[in-house]
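Some notes on the structure that comes next.
All residue numbers in this chain count up from 1 along the given sequence.
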Amino acid sequence: YIYATKPTVSLNAASPTTGVPGSSKEVFRFDVYNPSTVFDLYINAIRFSISVSSTSTAGNTLIWDKSFNLYKSNDLTTSLGLGTSYANATSTGTTGWVTIYPYTTMAVGVGSTATYSLYGNTSSMNLGGTTAETLGISIETDDFYWDDAYAVNANKKVLNLPVSGNTLQY
């Protein structure tokens, strides 16, 4: 690849530390830094890895077929993209993923940092109430797709991956 920049992805200090069940709750906050002095960086897709401590609560799966939305952290009313989660192997898996493809251009300007928040449907977490369940979200190596004026989908050229969010307990 020929690329003009190499973005850095990092966990934002304000990423949630406590899980709250609900249909749209913040589960992960992260920063994207564009070190280029010439070219904007464009985010094409982000695949988030998901892990939970058990498969289901009160008959409801924890990560299968749940909605997730990505927002800029300073604008929580405009969704940048929506994705539906899948579990590895079967609907009762404890690991899975959700991929967000932006509706419109997600640009990080020259020398800038953009902060994003992932919100998800956590309404099935800890419905049984007897055992605490945990949720983990991360962006793994090669799961951040971007380009600039030189590179197209240069996903293998991202600094600091993998980035894991805080383990949320419900």
What verdict does the side-chain contact (heavy atoms from CB on, under 4.5 Å) test give for Val98 and Ile50, after you've listed the backbone C-alpha separation in whole Å, the side-chain angles of each residue and the deciding distance to 0.1 Å?
CA-CA 8 Å; Val98 60; Ile50 305 169; 4.0 Å; yes
Hydrophobic cluster membership, with links at side-chain heavy-atom distances under 4.5 Å among I/L/V/M/F/W/Y: are Tyr119 and Leu135 in one?
no
Counting only pairs under 3.5 Å, give me each side-chain donor-acceptor contact of residues 10-18, with atom names and distances, residues two or more places apart or in other chains.
residue: Asn12; atom: OD1; partner: Ala14; partner atom: N; Å: 2.7
residue: Asn12; atom: ND2; partner: Asp31; partner atom: OD1; Å: 2.8
residue: Asn12; atom: ND2; partner: Asp31; partner atom: OD2; Å: 3.3
residue: Ser15; atom: OG; partner: Arg29; partner atom: N; Å: 3.0

Report the C-alpha distance between Leu161 and Ile139 in whole Å, list the side-chain angles of each, state the deciding distance to 0.1 Å, and finish with yes or no for side-chain contact (heavy atoms from CB on, under 4.5 Å).
CA-CA 7 Å; Leu161 291 181; Ile139 302 172; 3.9 Å; yes
Report the residues that fulfil side chain to side chain contact (heavy atoms under 4.5 Å, CB included) with Thr105, sequence neighbours left out, ordered by chain and then residue number.
Tyr42, Ala107
Are the side chains of Leu82 and Ser67 in touch, meaning some heavy atoms are under 4.5 Å apart?
yes
CA sep, side-chain torsions, deciding dist, call: Asn44, Asp147, side chain to side chain donor-acceptor pair (under 3.5 Å)
CA-CA 7 Å; Asn44 300 322; Asp147 62 58; 2.8 Å; yes
Do Phe48 and Leu70 make a side-chain contact, defined as non-hydrogen atoms from C-beta onward lying under 4.5 Å apart?
yes
Hits for side chain to side chain contact (heavy atoms under 4.5 Å, CB included) against Asn74, two or more places apart or cross-chain, chain-then-number order -> Lys72
Polar side chain donor-acceptor pair, Ser117 to Glu26, under 3.5 angstrom
yes
Using side-chain contact (heavy atoms from CB on, under 4.5 Å), reason through Val32 and Phe144 one step at a time and then give a plain yes or no.
CA-CA 10 Å; Val32 178; Phe144 186 90; 3.9 Å; yes
Could you measure the distance from the CG atom of Leu168 to the OG1 atom of Thr134? Nearest 0.5 Å is fine.
8.5 Å
With sequence neighbours left out, write down each residue that passes side chain to side chain contact (heavy atoms under 4.5 Å, CB included) with Thr8, or none if nothing qualifies.
Tyr33, Leu159, Asn160
Which pair of heavy atoms, one from Asp143 and one from Ser49, lies closest together, and at what distance?
OD2-OG, 4.2 Å
Full working for side chain to side chain donor-acceptor pair (under 3.5 Å) between Thr122 and Lys66:
CA-CA 8 Å; Thr122 61; Lys66 303 297 182 209; over 6 Å; no
Linking I/L/V/M/F/W/Y whenever any side-chain heavy atoms sit under 4.5 Å apart, do Val9 and Phe28 land together?
yes
Rounded distance (nearest 0.5 Å) linking atom CG of Leu118 with atom CD1 of Ile137:
6.0 Å
Return the set of residues passing side chain to side chain contact (heavy atoms under 4.5 Å, CB included) with Ser79 (not counting sequence neighbours), or none when no residue passes.
Asn69, Tyr71, Tyr103
Could you check if a side-chain atom of Ser51 sits within less than 4.5 angstrom of a side-chain atom of Thr95, using non-hydrogen atoms only?
yes
Where is the tightest heavy-atom contact between Ala45 and Thr99, given as atom of each residue plus distance?
CB-CG2, 4.5 Å
Just by distance, no angles: are the side chains of Ser123 and Asn121 close enough, under 3.5 Å, to form a donor-acceptor pair?
yes
Drop me the distance from Thr37's OG1 to Phe39's CZ, to the nearest 0.5 angstrom.
9.0 Å
Is it true that Trp146 and Met106 fall in one hydrophobic cluster, defined by side-chain heavy atoms closer than 4.5 Å?
yes
Transitive ILVMFWY side-chain link Phe68 to Tyr170, under 4.5 Å:
yes
Calculate, to the nearest 0.5 Å, the distance between atoms OG and CD belonging to Ser53 and Glu133 respectively.
5.5 Å
Thr77: which residues meet the side chain to side chain donor-acceptor pair (under 3.5 Å) condition with it, sequence neighbours left out?
Asp75
Distance, nearest 0.5 Å, that separates OG of Ser36 from CG of Leu41
8.5 Å
Value for CD1 (Ile43) from CG (Asn34), rounded to nearest 0.5 Å, stands at 9.5 Å
Joint hydrophobic cluster, Leu80 plus Phe30, side-chain heavy atoms closer than 4.5 Å:
yes
